[in-house]
2 protein chains.
Amino acid sequence: MNETTDAIMDAAECRIRAGGYTGFSFRDLASDVGVKSASVHYHFPTKETLAAAVARRYKDRFLAAVDQDIADGSDVVAAWKSGFRQALHRDGRMCLCGVLGAAAGALPDEVLTEVRAFFEAGLAQMTARRLTAEKASQVLATLEGAMLLANVLGRPAAFDDATAALR
Amino acid sequence: MNETTDAIMDAAECRIRAGGYTGFSFRDLASDVGVKSASVHYHFPTKETLAAAVARRYKDRFLAAVDQDIADGSDVVAAWKSGFRQALHRDGRMCLCGVLGAAAGALPDEVLTEVRAFFEAGLAQMTARRLTAEKASQVLATLEGAMLLANVLGRPAAFDDATAALR
DNA sequence: GTCTATAATTTGATAGAC
DNA sequence: GTCTATCAAATTATAGAC
C-alpha cells in the first residue's frame, strides 16, 4: 500500500462517513486526492472493492485502539465509549460502519460483510470480557445511536448526554 | 393528496428506509407504483421536496402513535420503545429518520430540517414528560442504535436485547 | 394526470498512450 | 502510475401531446 492508495482510502472514509456508500463518486475522491478518476480505478478496480477495504481498515483500527485501551487498564465499556467519542470529536463525523449499516439495503455483498464483521466483533469482544449478550448489544446500540444523534443535530455534546449513564 | 401521491410516498419511504436518500431514483419509485418517472415529478417536483414530505409524514405519524400510546396509559419510554419495535417488526426496516440522519452530509437542506425536527420533537416530548435531557438523549440513542444493530445484523431480536434494560 | 421523448449531467468503468 | 478520451448506463428534470 503506497501513499496514493492511503490517500484514496482516507478520502473515501471521510466521504462515506458524511454521505454513505451511494453518497460519493470516484470523481469526488479523485478531486480530493488530486488525481483523475482513472487513477482511482487503478488502485481499486470497483467501488465495492474500495468500500470493503475502507470498512475493513476502519474495523481493524477501531478494534486495535479498543484493545490498547483495555491493555492500558480501561474496562471494556469505557474503552468502546472513548473510541467512539474520539472518532466523533476528532473527525466530527459518524461511525463509518454506522452510516453504512443504516443503509444496509444499498450495500454490495462484500461491503455488507465487512460492516457486519465490525458489529459482530464488537459484540464478541464485549462478551469475551464477561458482559452478557444483552448488555453488549445495549452498549453498542447506545454508542451508535449517540453518534447518530450528535451527527444529525450537529451537536457533539448530545453524545455525552446520551452516554452519560453508560458503564 | 390522492392515491397515487400516497403510493409514491409509501414507495419512497420503503426505499429510503432500505438505502437512504441517495439510494433510490424516481424511476425506482415509478416502477414500484406502476407509472412513469415523469408522473412522479408531477406529484413531487424535486427529489428534495419528495423526501422532505416523506420525512414530515413519518414524523407526524410516529409522534401521533406515541401520543396515543401515552393516552392509553403507557409511560413515555415504553411508548417510544414500542413505536420503534413495531416499525422494525412490521416493516422489517430501519427508522426513516435514523437512516437519513446517519448520512446527514448527503441531505438537501429541506430534508435535513425535517429529520432534525423528528429528533428534536422526540427529545422535547420526553423532557415534557419529566425525563431529564440526559435520559431523553439516552433513550432516543439506544432505540435508534438498536434499530441499526437489528437492521445490519439482519437479526430483529437484537433490538430486544439492546433495549431490554431500557425503562 | 399520465404519457413519450429528450435534455443535461453524472456515474462506474475501460482502452490505450506516455 | 497517471493521464486523456471515451463508453454505456443511469440520474434529475422538463416540454409538450393526449
Side-chain angles (χ1 to χ4, degrees), chain A residues 1-55 99-100 103-115, chain B residues 1-55 99-100 103-115:
Chain A
M1 295 288 180
N2 59 49
E3 283 168 40
T4 305
T5 305
D6 290 341
I8 291 168
M9 291 180 74
D10 291 344
E13 175 172 331
C14 188
R15 294 236 176 219
I16 292 172
R17 289 173 70 180
Y21 180 78
T22 51
F24 75 100
S25 74
F26 272 58
R27 279 173 181 77
D28 290 332
L29 303 184
S31 144
D32 290 343
V33 172
V35 295
K36 296 295 175 179
S37 73
S39 298
V40 180
H41 278 283
Y42 169 80
H43 294 275
F44 298 95
T46 68
K47 198 181 186 185
E48 178 171 3
T49 308
L50 167 58
V54 169
V99 180
L100 293 175
L107 297 183
D109 288 345
E110 206 186 326
V111 184
L112 181 57
T113 299
E114 295 296 336
V115 172
Chain B
M1 294 289 178
N2 58 48
E3 283 169 40
T4 305
T5 305
D6 289 342
I8 291 169
M9 291 180 74
D10 291 345
E13 174 172 332
C14 188
R15 293 236 176 220
I16 292 172
R17 289 173 70 179
Y21 180 77
T22 51
F24 76 99
S25 74
F26 271 57
R27 276 175 179 75
D28 290 331
L29 303 183
S31 144
D32 290 343
V33 172
V35 295
K36 296 296 175 179
S37 73
S39 298
V40 180
H41 277 282
Y42 169 80
H43 294 275
F44 298 95
T46 68
K47 198 180 185 184
E48 179 172 2
T49 307
L50 167 58
V54 170
V99 181
L100 292 175
L107 297 183
D109 288 345
E110 205 186 329
V111 184
L112 181 58
T113 298
E114 294 297 336
V115 173

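Chain identifiers are assigned alphabetically (A, B, ...) following the order of the sequence lines, protein sequences preceding nucleic acid strands; residue numbering begins at 1 within each chain.
- We find that NZ of B:K36 is positioned 15 Å from C1' of C:dG1, with the value rounded to whole Å.
- Listed candidates were D:dC3, C:dG12, C:dT2. Nearest to the side chain of A:F26 is C:dG12.
- Contacts classified as salt bridge (charged side-chain N to carboxylate O under 4.0 Å, His left out) and involving residues 28-37 of chain A (residues at least two apart or in different chains) are given here: A:R15-A:D32.
- Under the 3.5 Å distance criterion, the side-chain polar atoms of A:S39 are left unmatched by any main-chain donor or acceptor of A:V35.
- Using a 4.0 Å cut-off on heavy atoms, none of the residues of residues 15-25 of chain B approach DNA chain C.
- For the residue pair B:S37 and B:A30, the shortest heavy atom distance occurs at N-CB, 3.5 Å.
- Distances shown here put every side-chain N or O of A:Y42 at or beyond 4.0 Å from the OP1 or OP2 atom of D:dT2.
- With sequence neighbours left out, A:H43 forms a ring pair (Phe, Tyr, Trp, His ring centres under 6.0 Å) with no residue at all.
- Across all non-hydrogen atoms, the minimal contact from A:V111 to A:L107 is CG1-CD2, 4.1 Å.
- The two atoms that bring A:A52 and A:E110 nearest to each other are CB-OE2, 3.7 Å, heavy atoms only.
- With sequence neighbours excluded, the residues satisfying side chain to side chain contact (heavy atoms under 4.5 Å, CB included) with A:T46 are A:E48, A:T49.
- Phosphate contact (OP1/OP2 of C:dC3, side-chain N/O of B:S39, threshold under 4.0 Å): present.
- For C:dG12, one of the phosphate oxygens OP1 or OP2 lies less than 4.0 angstrom from a side-chain nitrogen or oxygen of A:K47.
- Counting only residues at least two apart or in different chains, ring-ring contact (aromatic ring centres under 6.0 Å, His included) contacts with residues 8-41 of chain B comprise B:F26-B:H41.
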Which atom pairs link the protein and nucleotides 14-17 of chain C when you take only N or O atoms and keep those under 3.5 Å?
none

